[in-house]
Structures are given as structure tokens and as C-alpha cells.
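Order of the sequence lines fixes the chain letters, A, B, ..., with proteins taken first and strands second; residue numbering starts at 1 for each chain.
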Amino acid sequence: MKSTFSQRVYDLTAKIPVGRVSTYRALARTLKIPGASRAIGNALHKNPYAPQVPCHRVIKSNGEVGGFASGTKKKIALLKKEGVIIRQGKIDLATYLYEFKIKK
DNA sequence: ACGGTGACGCTCA
DNA sequence: TTGAGCGCCACCG
């Protein structure tokens, strides 16, 4: 369906299951635009589908929570509630990272 | 149409 | 390992 880059980001983000997280980088790769990691953050920042799109489940590729419109602290708190254990503001990607199916 | 900004990523020192 | 710089793409004014 014709939609903007951001729209696809929201769609993928909404597919992230509870207790799991994804990275800006992973989303960009899924959209076939590996270098659009920054644009991902930009899209989620505006995120018009707030409760519908769990943008707090999207973190940086290095495991850091990254940023959040309501505050990084809030983001971490939400993730912890979801069952994600965070250490030093970092998340275990090997344990919680959710990988999307990369279309080819 | 143009330029600046931004919830990032990677390389180099 | 930590810190700083450059490059990336999409959106807003």
C-alpha cells in the first residue's frame, strides 16, 4: 500500500511482541534502507499512533534504550514492565532483540 | 525548492 | 574501552 517511510516504520514497530525489542537499525534493514536508522528515530519521534505503536520497544543497535518523547526514563520503565530487564540503561539484545523477516 | 534538525550508526584517534 | 567526528535518510518550517 502506498505509504510513507514513516508509515512502514509504525507498521513494523506495532508488530514487535511484548517482552521483545527491536533496533532502529533492524527496522531500517527490514525496510531495505540500512542507512535510514536516523530516519526511523525521526518517524517514531512524531509517532501519530502512540499507544498503537509501542515505540518504546525500539532501541539503539548498541543496546542502549536510545531516546523517548516522554523521557528516556519512562521508556526504560515501560520496558521493565513488559518483562525486559535493563542493565546500566542497556538491554540484552541477544535475549530481547526481535528480528523481522527481511524481504528480498 | 532549500536548509536545518533529529528517539542513529560506524570509523578513527 | 571511551570520546569525538562524519555520514546516513526522512520530515518540518
Given atom CD of Glu64(A) and atom P of dT2(C), what is their separation to the nearest angstrom? 11 Å
Between the side chain of Lys75(A) and the main-chain N/O of Gly66(A), is any donor-acceptor distance below 3.5 Å? no
Does the Tyr10(A) side chain pair with the main chain of Ala43(A), one donor and one acceptor, at a distance under 3.5 Å? yes
Distance below 4.0 Å between Ser6(A) side-chain N/O and dC11(C) OP1 or OP2: yes
Produce a footprint string for nucleotides 3-13 of chain B: one letter per nucleotide, 5' end first; B if the base is under 4.0 Å from any protein heavy atom, S if only the sugar-phosphate is, - if neither. ---BBBSS---
Does Phe100(A) have its ring centroid less than 6.0 Å away from the ring centroid of Tyr98(A)? yes
For residues Ser22(A) and Leu27(A), determine if any side-chain heavy atom of one lies less than 4.5 Å from a side-chain heavy atom of the other. yes
A side-chain contact here means heavy atoms from C-beta on lying under 4.5 Å apart; do Tyr96(A) and Ile59(A) qualify? no
